[in-house]
Amino acid sequence: MQDNRTTVRTRFAPSPTGYMHIGNLRTALYGYLFAKKEGGKFVLRLEDTDSKRYVAGAVQIIYDTLKDAGIVYDEGPDVGGEFGPYIQSERADIYRKYAEELVRRGGAYYCFCDKERLESLKDENGVGRYDKHCLHLSAEEVARRLAAGEPYVIRQNVPEEGSGTYEDLVYGTVTVDFKDIEDGILLKSDGMPTYNFANVVDDHLMGITHVIRGSEYLSSTPKYNLMYDAFGWERPQYVHLPPIMKNAHEKLSKRNGDASYQDLVAKGYIPQAIVNYIALLGWNPKDNREKMSLAELEESFSLAGLNKSPAIFDEPKLRWLSGEYIKEMSDEAFAACARPFLEKSKVYGKYDEAKVLRLLKTRVEILSEIPEKIDFLEEFGEIDPALYNNKKMKTDASVAAQVLPAALQALSAAECFENAPLYEAMVALAAQNGWKNGQVLWCVRIALTGRESTPGGASEMAELLGKERCIRRLQQAADALNRA
RNA sequence: GGCCCCAUGGUCAAGCGGUUAAGACAUCGCCCUUUCACGGCGGUAACUCGGGUUCGAGUCCCGAUGGGGUCACCA
C-alpha cells in the first residue's frame, strides 16, 4: 500500500482535441474529489504530444469547463506549480533524456524500421506485432545509423516471457501476459513521446500517487509498470474507471453526436446538477444520498464506492436532478440563470418578469423549456368550444356562456388584480350563482388562455395577464360563445 | 480473432453466505388541488444461463452466453 505520509496527488490529463466529454469530466471530477477528500493535490496536465490532433480552442474549453464545474486544480498550465511545465509539448527534452536512459537500462531500444517493413509484419487482418528486429542491432550499427541521421523511434523492450500483475483499486488484480504486449513506440520519429511513455515519465516526475483514468488503460498498465520498474521508480496506485455509455453498446462520445458538458449547459441543465449526476454514474455514497453539492461530494467521496461496470447516461434522471436544483434556488439565482432563456421567448419583456419566474420555477426542469412554457401568452386566438368541457368540473361551453359574462363583470370590478383577491372574487361569484368553484375557474382560465394546460390557475393567469388584457380576452371569449 | 475486464428492475444502484432482494429516476394509479406543476401515498418491475462448493448462493468457484475495452509513430 501507499505510504501514509505521502500526500495524495492526482491528475487530470486530457488531450486538447475538442470538446469536454462527459466521461472526461467525470474522470476529472473523481480525481479532484479523491484529492480533496484525502487532503491532497489535484493537477491538470495537457497531453498534446500529437500535433495532428490538436484543435484550436480546446485548451480554453478545458479550463472553462473545469472552472464552470467548480473543479479547481492546484497545479496546471495556467496556475503554475513546482512540477511544471504542465504541457507535454513543452517537455520534449525531458522525455528524450529519460528515453535514452531507459535504453541504457535495457528497457528500450532504437528502432530504424520503416513503414513498409512494419506493414509486412502484419497478417491479412492487419494484426501482427513488432518482431524486435532492431533490438538485435549491434551498438556500433545503432551509433552509426544515428550519426548518419537516419530517422528512428525508441521502442519499449517488453520481455518475451512472463506476465505483469498489479492491483487496481477498483478492478482488483489484473494480469496480462507479456507475450500479448507489443514493443510499443515510446519516442516518435518527430521526437515527441507517445502517451505510453509520457504518462509514465510525467506521473513519476509530478509525484502522482494515484492514477485515475478510463478503463481503456486497464490492460496496457502492465507495460507502464515495466517502465516504472526499469527506472527503479515506485509504481503509482491505479484507479481505472468504467466508461459512461450512451446505450448498452455505445460509449457516450461527441463523435456519436452525444452531448458534451457545454451542450448540456446550453440545453439548460443546471451545471451543479450535471456535476452531481455524473458523480453518481459509477459511484455512490454508502448513505444513499443522491442530491449532493460539490462540497458534500468532496466530503463523502471514497474509492470504495466506485463501480466496475459501465453506466448508461440517463437523461431523464439528470433532468430530474436539474429540476431539484432549480426548485431550491433563490428567486434571484433563478432569475439570473433563467434570463438568457427568457430572452428567447416571444413574450420577453411583455409581462411582469418576477411573476413569470414564480410560475415557472416548479414547472421547469431544464431552462430551455422556458420559452415554450410561456409563448402561448402571445398566441391567443380562437378558442375551441370543446376546451370548456371538463367532466370533473362539470363544465362545458353552455356553462361557460353563463359564467363568462358574470366573470367579466366581477373582474372588471376588481380593484386589486392579484392572485389571492382574484381567486376569492371568483369563488364568491360561484357561490352567488350556485356554480361550483371549478366551473368558474376552469371556464375563466380557458377563456383567458385558450389552453387546456397552463402554468398556473385562473387567478394566477389573470394576475399575470393584467386587468386590461383579461377584460379584453374575457369579452372576446364571451362574444365568440354567443355567436355559436 | 487473441488478450483484459464486466454482468441485480427500462436506467442508476444497495447487497459483500441466511434479507419479504433497499433506495432513486422513469412508468402507472390514488390523494391534494384552480387545469398543469409542486407535494403526499401506493403499484408494476431485477439477481443472464448451466454446473459445482455449502445445511444454505444474487453473494464463492468453473463454464457458457451476452456486453465493453484493447491489439497505432492516438491518447
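Quick note on labels: first sequence line is chain A, next is B, and so on, each numbered from 1. The structure presented is a predicted model; accordingly, all values stated were derived computationally and were not measured.
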**OP:** Look through every strand shown and name the nucleotide pairing with C32(B) as Watson-Crick or G-U wobble, where both distances are under 3.5 Å.
**Re:** none
**OP:** Apply the salt bridge (charged side-chain N to carboxylate O under 4.0 Å, His left out) test between Glu369(A) and each candidate in Arg319(A), Arg363(A), Lys361(A); give the one that qualifies.
**Re:** Arg319(A)
Between [N] and [M], how many Å separate the two [atom1] atoms, rounded to a whole number?
{"N": "C49(B)", "M": "G40(B)", "atom1": "C1'", "result": "42 Å"}
{"N": "U33(B)", "M": "C28(B)", "atom1": "P", "result": "23 Å"}
{"N": "A21(B)", "M": "G9(B)", "atom1": "C1'", "result": "11 Å"}
{"N": "U8(B)", "M": "A14(B)", "atom1": "C1'", "result": "10 Å"}
{"N": "G18(B)", "M": "G58(B)", "atom1": "C1'", "result": "13 Å"}
{"N": "G10(B)", "M": "G52(B)", "atom1": "P", "result": "29 Å"}

Check the interface with nucleotides 21-24 of chain B: list each N/O to N/O pair with the protein under 3.5 Å, or write none.
unit_1, atom_1, unit_2, atom_2, d
A22(B), N3, Asn288(A), ND2, 3.4
A24(B), O4', Glu290(A), OE1, 3.3
A24(B), O2', Glu290(A), OE1, 2.3
A24(B), O2', Lys317(A), NZ, 3.2
A24(B), N3, Lys317(A), NZ, 2.9

Subject >> Contact pattern, 5' to 3', of nucleotides 27-32 of chain B - B, S or - by protein heavy atom under 4.0 Å >> reply: ------
Original post:
Where along nucleotides 62-75 of chain B does protein come under 4.0 Å, by heavy atom, of base (B) or sugar-phosphate alone (S), with - for untouched nucleotides?
Top reply: -----SSBSSSBBB
Side-chain donor-acceptor pairs of residues 22-29 of chain A under 3.5 Å, sequence neighbours excluded:
unit_1, atom_1, unit_2, atom_2, d
Arg26(A), NH1, Leu281(A), O, 2.5
Arg26(A), NH2, Pro242(A), O, 2.4
Thr27(A), OG1, Gly23(A), O, 3.0

For [X], what residues pass the ring-ring contact (aromatic ring centres under 6.0 Å, His included) criterion, not counting sequence neighbours?
{"X": "Trp283(A)", "answer": "Phe301(A)"}
{"X": "Tyr130(A)", "answer": "none"}
{"X": "His21(A)", "answer": "none"}
{"X": "Tyr109(A)", "answer": "none"}

Subject >> Under 4.0 angstrom between Tyr171(A) side-chain N/O and C5(B) OP1 or OP2 >> reply: no
Subject >> Side-chain N or O of Lys327(A) closer than 4.0 Å to phosphate OP1/OP2 of G39(B) >> reply: yes
Original post:
salt bridge (charged side-chain N to carboxylate O under 4.0 Å, His left out) with Lys355(A): which residues, sequence neighbours excluded?
Top reply: Glu463(A)
Subject >> Residues in salt bridge (charged side-chain N to carboxylate O under 4.0 Å, His left out) contact with Arg289(A), at least two apart in sequence or another chain >> reply: Asp287(A), Glu296(A)
Original post:
Between Arg155(A) and Asp183(A), is there a side-chain N and carboxylate O pair less than 4.0 Å apart?
Top reply: no
From the set [options], return the single nucleotide nearest to any side-chain atom of [X].
{"X": "Glu365(A)", "options": "C3(B), U35(B), A26(B)", "answer": "A26(B)"}
{"X": "Lys308(A)", "options": "C4(B), C6(B), U35(B)", "answer": "C6(B)"}
{"X": "Met393(A)", "options": "C25(B), C12(B), U34(B)", "answer": "U34(B)"}

Original post:
Can you tell me how far C1' of C36(B) sits from CD of Glu369(A), to the nearest Å?
Top reply: 13 Å
Base, sugar-phosphate, or nothing: which does [X] touch, judged by heavy atoms less than 4.0 Å apart?
{"X": "Thr173(A)", "answer": "sugar-phosphate"}
{"X": "Asn307(A)", "answer": "sugar-phosphate"}
{"X": "Pro316(A)", "answer": "sugar-phosphate"}

Quick one: side chains of residues 426-440 of chain A, donor-acceptor pairs under 3.5 Å with protein atoms, not counting sequence neighbours, listed by atom name and distance.
unit_1, atom_1, unit_2, atom_2, d
Asn433(A), ND2, Leu429(A), O, 2.8
Gln439(A), OE1, Lys436(A), N, 2.8
Gln439(A), NE2, Lys394(A), O, 2.6

**OP:** Only one of Tyr195(A), Tyr166(A), Tyr171(A), Tyr238(A) passes ring pair (Phe, Tyr, Trp, His ring centres under 6.0 Å) with Tyr217(A); say which it is.
**Re:** Tyr195(A)
**OP:** Scan residues 426-450 of chain A against RNA chain B and write down, sorted by residue number, each residue with any heavy atom closer than 4.0 Å; if none is found, say none.
**Re:** Leu441(A), Trp442(A), Arg445(A)
